[in-house]
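Side chains included, hydrogens not; waters and symmetry mates left out as well; all remaining heavy atoms used. Please read all numbers here as calculations on a predicted model, not as lab measurements. If you read the sequence from its start, that first residue is 1, and numbering goes on from there.
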Amino acid sequence: MARIVMKFGGTSVANLERIRHVSRLVEAEVKAGHEVAVVVSAMSGETNRLVGLVDELDADRIGNEDVHGGAIEDEYDSIVATGEQVTSGLLSIALRRRGVKARSWLGWQIPLRTDMAHSKARIAEIESSAIGPSMESGNVAVVAGFQGISDDGRISTLGRGGSDTSAVALAVALKADRCDIYTDVDGIYTTDPRIAKDARRLNRIAFEEMLELASLGAKVLQTRSVELAMNYNLPIRVLTSMAEAGDVNPGTLVCNEDETMEERVVSGVAYSRDEAQITLLSLADTPGMVAKVCGAMSDANIIVDMIVQGISRSDNKANLTFTVGKRDLDKALKALEASKDIIGFGDIKSDDNVTKVSVVGIGMRSHTGVAQTMFEALAERGINIEVIATSEIKISVLIDAEYTELAVRALHNAFELHEAGPLKVSAP
Ligand code: ASP
Ligand code: MG
C-alpha cells in the first residue's frame, strides 16, 4: 500500500462529466489498495470569472486607495478561493456515489497555514493530525487547492496556479510516496507542440530544468511547486487526466538529476511573450549608474530580468538595455522618468513587441558549444538577437516577437530535440 497525492487542474474538473471521470481515476487507486488525497483546482475559467468580479468592483475606487477603503487582497482571497470549495465538494459526492468513502477539506479545516501575503501567500505549515487519521480510516481526502488560512485567521490564496503547490506541500506533509499532477497534456514536452509539430514528451526531467522551464513560460507547473518538490526531493509525475484508468499513461517524471535517464545537453526550448525591453541612452559611464537604474526599478517593485550594457569609448557614454515584465512596462517608464536627473540619462526607448526564447539543459554544465549552436541556428534564419542572458543551465535571447515560432522551431531542430537520446554538439 502506498500513500499518494493526486492533483487535478481546472480542465480536469471542468464539468460534472469530467468530475465523474476523475472519480473513476481516484477509485482505481483506492481499489489498488492505496491511501489517497486528491487536490483539486476550480472548474476551468471559474477563477478568472471570480477575479473579473473583484476587478470590476475594485475599479470603483478613484485615485488614492487610502481614501477609498484601502487594499482588498484579503477579500479577493475569500472570493477567489470559492472555486476550489465547489470542486472539492462535488468530487467528494461523485466518489461517494461510486461507493468510495470521501470527504472534502478546505484550507482552514486542515489547517494549511500561510503567511499574510494575501493573493500570493506562502505556505508556512500543514497540520496532518486530522487529515492523516481520516485517510488511514479509509476516507479519500478531497482537498481544495490554492487556499489556506493566514496568520490573521483569514482565507488566503497561493497565487495563480497555486493548486500545484498545495499538492506538493500536502504530499510532503503527508510523507506521500507519490505526487501525481493530472492535467490536460500528457507530460512535459521538449517545446510547445503547437509550434513545433515534432515536439516530444520527455520521460524524465530534472528539477532544475523544470524550474527554469516553469519560470520561462512553460505554464504546466507553478514555479513554487517545483521549488518545493526539489527542496524535499519529492518526485512529481505530470500526466494527462484524459486517459481512462488502467490506460498506459507514463507522463513525465520531474525528479532528481541523477535519476534523469536521458543524458542530453539541452532538454527543452521555452519562450515567453511577457517581456518588454527598455533602453536608456547616453548614460554617464560611472560606478553606481546601473545600481541607480536597478534601484529605481526595485523601489517601484519591478523585477528586472535581462541586462546588457554598451559603452562608447569616444564620449564615455553608455547605453543600458534591460527587460521587465510587459505588465510593468508603463510603471517602469514612469519610475525612470521620475528619477531621470538622479540616474542621468539622455533618452528612453522601449519595445514590448519582443519574445524571450531560451534553451535549457543540465548538460550545459559539462558541455561547450551550446551557445554557438544556438546563435548559428538563429543567424541562419536571419533572426537578430537583442539581449542575451545565461545561467549555468540556460541561455536566453530576446528577439523580435515576429520571429518567435521560427526561432523556437530552429532551436528545436538545431538541438535535435525530436529524437530521444544523447545529442552531439560541437566537441570542446
Ligand atoms: N484555480 C486557481 C487558478 O486558476 C489555482 C489553480 O488552478 O492552480 O489560478
Ligand atoms: Mg495549473
Show your working on side chain to side chain contact (heavy atoms under 4.5 Å, CB included) between Gln109 and Arg103 and close with a plain yes or no. CA-CA 12 Å; Gln109 293 171 320; Arg103 70 151 281 189; 3.7 Å; yes
After noting the C-alpha distance and the side-chain angles of Phe322 and Leu280, does the key distance pass the side chain to side chain contact (heavy atoms under 4.5 Å, CB included) rule? CA-CA 9 Å; Phe322 56 96; Leu280 300 179; 4.3 Å; yes
Trace of the side chain to side chain contact (heavy atoms under 4.5 Å, CB included) decision for Ser163 with Glu84: CA-CA 9 Å; Ser163 296; Glu84 277 73 9; 3.8 Å; yes
Step by step, work out the side chain to side chain contact (heavy atoms under 4.5 Å, CB included) result for Glu386 and Thr321. CA-CA 9 Å; Glu386 313 266 347; Thr321 299; over 6 Å; no
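In this structure, Glu244 and His21 have side chains that are in contact, with non-hydrogen atoms separated by less than 4.5 Å. At a threshold of 4.5 Å between non-hydrogen side-chain atoms, the residues Val293 and Phe345 do not count as touching. For the pair Arg237/Cys179, no side-chain contact is recorded, criterion being any heavy-atom separation below 4.5 Å from C-beta on. Asp164 places none of its side-chain heavy atoms less than 4.5 Å from the side chain of Val168. Considering only heavy atoms from C-beta on, Lys7 stays 4.5 Å or farther from Ile236 through its side chain. Side-chain contact between Met364 and Val266: present, with at least one pair of heavy atoms (C-beta onward) separated by less than 4.5 Å. The shortest distance between side-chain heavy atoms of Val238 and Arg201 does not fall below 4.5 Å. No side-chain heavy atom of Asp58 sits less than 4.5 Å from a side-chain heavy atom of Tyr76.
A donor-acceptor pair under 3.5 Å is absent between the side-chain atoms of Glu75 and the main chain of Ile72, judged by distance alone. A side-chain donor-acceptor contact under 3.5 Å links Ser339 to the backbone of Ala335. Between the side chain of Thr191 and the main chain of Val269, a donor-acceptor pair closer than 3.5 Å is present. With hydrogens and angles disregarded, no donor-acceptor distance shorter than 3.5 Å links the side chain of Ser88 to the backbone of Ser104. Looking at Asp115, its side chain does come within 3.5 Å of a backbone N or O of Arg122 through a donor-acceptor pair. A donor-acceptor pair under 3.5 Å links the side-chain atoms of Thr165 to the main chain of Ser225, judged by distance alone. Using modelled atom types, one side-chain atom of Gln222 and one backbone atom of Arg160 make a donor-acceptor pair closer than 3.5 Å.
The minimum heavy-atom distance linking Asn384 with Ile399 is given by the pair O-CG2, 3.6 Å. Taking every heavy atom of both residues into account, Thr240 and Tyr182 meet most closely at O-CD2, 3.5 Å. In terms of heavy atoms, Ala144 sits closest to Leu106 at CB-CD2, 3.9 Å. Here the closest non-hydrogen pair linking Gln147 and Gln85 is NE2-N, 4.1 Å. Listed here is the closest heavy atom pair of Ala276 and Val354: CA-CG2, 4.0 Å. Between Asp74 and Ala71, the closest heavy-atom pair is OD1-O, 4.2 Å.
With respect to the salt-bridge test (charged N to carboxylate O, under 4.0 angstrom), the residues Asp274 and Arg327 do not qualify. With respect to the salt-bridge test (charged N to carboxylate O, under 4.0 angstrom), the residues Asp152 and Arg154 do not qualify. A salt bridge links Glu17 to Arg20: one of the charged nitrogens lies within less than 4.0 Å of a carboxylate oxygen. Salt bridge annotation for Lys334-Glu337: absent, with no cationic side-chain nitrogen under 4.0 angstrom from a carboxylate oxygen.
The list of side chain to side chain donor-acceptor pair (under 3.5 Å) pairs with a residue in residues 129-141, not counting sequence neighbours, reads Arg3-Glu136, Glu127-Ser129.
With values rounded to the nearest 0.5 angstrom, Thr87 atom OG1 is found 6.5 Å from Ile19 atom CD1. Rounding to the nearest 0.5 Å places CD1 of Ile348 at 7.0 Å from NZ of Lys340. The distance from the CD1 atom of Ile131 to the CD1 atom of Ile110 is 4.5 Å, given to the nearest 0.5 Å. Here the straight-line distance linking atom OG of Ser350 with atom CG of Leu333 works out to 4.5 Å at 0.5 Å rounding. Atom OG of Ser391 and atom CZ of Arg365 lie 9.0 Å apart (nearest 0.5 Å). Atom CG of Asn15 and atom OG of Ser44 lie 8.0 Å apart (nearest 0.5 Å).
Paired with Leu417 under the rule side chain to side chain contact (heavy atoms under 4.5 Å, CB included), one option of Thr190, Leu411, Leu202 passes, and it is Thr190. For the side chain to side chain contact (heavy atoms under 4.5 Å, CB included) with Met297, the qualifying choice from Leu336, Ile303, Asp328 is Leu336, the only one to do so.
A donor-acceptor pair shorter than 3.5 Å can be found between the side chains of Asp77 and Thr157.
For Glu405, the salt bridge (charged side-chain N to carboxylate O under 4.0 Å, His left out) test picks out Arg273, with sequence neighbours left out.
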